[in-house]
Amino acid sequence: MKKTVVALTVAASMGLGSLFTGSSIVTEAATISNLKDKQNEIHNKRSNLKSDINDANTKINVLQGQQANVKSEMKRLDFAIGDTNAKIHDKTAKIVETQSKVNQLQGEIEVIVKRMEKRNNLLKERARNYQETGGMVNYIDVLMGAKNFSDFIDRANAVATIMEADQELLKQADMDKKELVEKRTKVEKDLASLQEMKSELEQMNKQLSSQRTAKNKLLSKLVRKEEEVHEGKLALEEQEQILAGQEAAIQKAIQLEKERQAAAAAPAKTPTPSGGGAGKAPAISGGTFTRPAAGIISSGFGTRPGFRPGEFHFGVDIANHASNVQILAAADGVVIRSYYSSSYGNCIFISHSINGQVYTTVYAHMEARLVGTGAVVKKGQQIGIMGSTGDSTGQHLHFELHRGQWVPDRHNAINPVGIVPL
């Protein structure tokens with residue numbers, strides 16, 4: 001008795017008029033005219049509810065459209081994230097490759113450095129020899145020591161070759177230095193560029209992932225909103241259905257009033273119980289009300305052990321573990337609604353008029369319902385079979401008595417003990 005029942009917003013002012021008083025169907029105060037007025041009032045309320053239901057459908061369509069847009073954007077972000085990840089993997093592979101080149105270049109550099117060191121050592125040795133022997137003077141001595149012109153030419157060529165080799169060593173050293181600097185600069189530049197691109201891609205991926213998370217939160221929010229609107233719509237539809245039941249009940253009351261007026265002088269008939277089930281039924285009491293089911297009172301009206309703080313039991317529970325236990329109408333009346341509720345399970349709402357006062361009785365958790373919405377029932381007539389459907393933990397009848405129409409907060413629920421013979 002939580003979700004569906006609390007969601008119902010049955011208009012408390014929708015009294016059906018005095019439908020049954022003893023053997024007469026309606027009192028003189030409940031004229032056909034004011035019954036029709038009540039019927040029109042309910043009809044207008046139903047129209048308003050239908051308009052609210054249409055508004056809810058419009059909101060649901062808008063929310064579903066927004067969800068579709070968000071899902072489309074999430075799909076785009078997923079592709080963008082996938083593409084960015086692929087680029088990150090590519091740059092990472094190139095960084096590894098470039099780093100390998102750096103390592104290879106480092107080996108080449110070491111070779112160049114060793115070669116340069118050898119050349120430098122050779123040049124240093126040459127310079128030391130120049131100092132020790134007098135440098136160019138030594139070359140002149142070599143030339144002047146020629147024995148003949150041919151020997152002079154050979155010696156001159158040899159000196160030129162040696163000097164040219166020295167110059168080549170110096171030139172090669174400069175080229176090696178330049179090559180070393182260029183290779184280092186290029187590879188380091190390539191590596192830095194790749195690392196920068198990877199960093200930018202990782203930052204982009206982080207932003208895309210953040211956007212994806214935000215879109216996912218937005219989608220969850222829209223889904224929750226749609227669920228709330230759906231729940232509200234279901235509540236409105238259930239309200240409209242109960243009002244439809246009340247409107248039909250009033251139409252039935254109008255017809256009964258016409259029949260009553262046509263047979264006003266006829267003697268009253270004693271109501272005849274119509275059990276019909278195999279299970280035991282309680283004896284039909286005299287007076288206005290009778291016990292709705294045989295069994296023991298397992299839970300009374302009001303607060304009770306095991307309830308959460310602030311929770312209230314708006315009826316009494318009659319338990320009976322026998323099979324096919326009959327549920328009887330507690331008094332003459334018209335069935336406002338007979339349906340399955342997620343909380344009440346199989347349940348029936350009946351409107352009664354007792355000496356001009358409207359009462360509503362509720363019968364919940366039944367295994368089966370034997371009368372439908374709009375049915376006219378008599379006191380003691382079987383309307384169902386005891387069960388344990390809906391929000392129930394064992395076979396019993398949850399029975400409520402309301403002074404007036406049933407309302408969602410059930411503030412007009414009264415303790416049936418002392419009014420109904422339980």
If you define the side chain from C-beta out and look only at heavy atoms, does anything of [X] sit under 4.5 Å from [Y]?
X	Y	value
K379	T288	no
I414	H402	no
V325	N320	yes
T360	I350	no
K225	K221	yes
Y344	H398	yes
V358	H352	no
T290	P282	no

Flag, side chain of [X] to backbone of [Y], donor-acceptor distance under 3.5 Å:
X	Y	value
S210	K206	no
E226	V223	no
D90	A86	no
E202	N85	no
S51	S47	no
N205	L201	no
T98	K94	yes
S72	A68	no

Ignoring hydrogens and geometry beyond distance, is a side-chain donor-acceptor pair present between [X] and [Y] at under 3.5 Å?
X	Y	value
R369	S338	yes
T361	Y363	yes
H230	E228	no

Taking all non-hydrogen atoms of both residues into account, name the closest pair between [X] and [Y] and its distance.
X	Y	result
A56	V229	O-CG1, 3.5 Å
R291	L328	O-CD1, 4.2 Å
M74	L219	SD-CD2, 3.9 Å
S388	T393	OG-C, 4.0 Å
T389	H365	O-ND1, 2.8 Å
N412	G404	ND2-C, 4.0 Å

Task: Mutual orientation of the aromatic rings belonging to F289 and Y359 [parallel < 30°, tilted 30-60°, perpendicular > 60°] - done: perpendicular
Task: Derivation and outcome, side chain to side chain contact (heavy atoms under 4.5 Å, CB included), residues S342 and D391 - done: CA-CA 7 Å; S342 61; D391 188 5; over 6 Å; no
Distance (rounded to the nearest 0.5 Å) between [X] [atom1] and [Y] [atom2]:
X	Y	atom1	atom2	answer
Q382	N324	CD	CG	8.5 Å
S392	N346	OG	CG	11.5 Å
H43	N48	NE2	CG	10.0 Å
H313	T303	NE2	OG1	11.0 Å
S199	M204	OG	CE	11.0 Å
I327	M366	CD1	CE	7.0 Å

Task: Q99 and L191: CA distance, side-chain angles, deciding distance, side chain to side chain contact (heavy atoms under 4.5 Å, CB included) verdict - done: CA-CA 7 Å; Q99 188 63 55; L191 185 60; 3.5 Å; yes
TODO: Inspect the contact between D55 and K59 and indicate whether a charged nitrogen and a carboxylate oxygen are less than 4.0 angstrom apart.
DONE: no
- [ ] Indicate yes or no: does R76 engage E73 in a salt bridge with an N to O separation below 4.0 Å.
- [x] yes
- [ ] Apply the test side chain to side chain contact (heavy atoms under 4.5 Å, CB included) to residues V377 and V334: give CA-CA distance (whole Å), side-chain angles for both, the deciding distance (0.1 Å), then the verdict.
- [x] CA-CA 6 Å; V377 295; V334 174; over 6 Å; no
TODO: Give the intermediate values and the outcome of side chain to side chain contact (heavy atoms under 4.5 Å, CB included) for residues L49 and L236.
DONE: CA-CA 6 Å; L49 281 171; L236 291 171; 3.6 Å; yes
TODO: Would you please indicate yes or no on a ring centroid separation below 6.0 angstrom for F314 and F301?
DONE: no
Open item on the list: If the condition is side-chain contact (heavy atoms from CB on, under 4.5 Å), which residues does T92 pass it with, not counting sequence neighbours?
Closed with: I88, K198
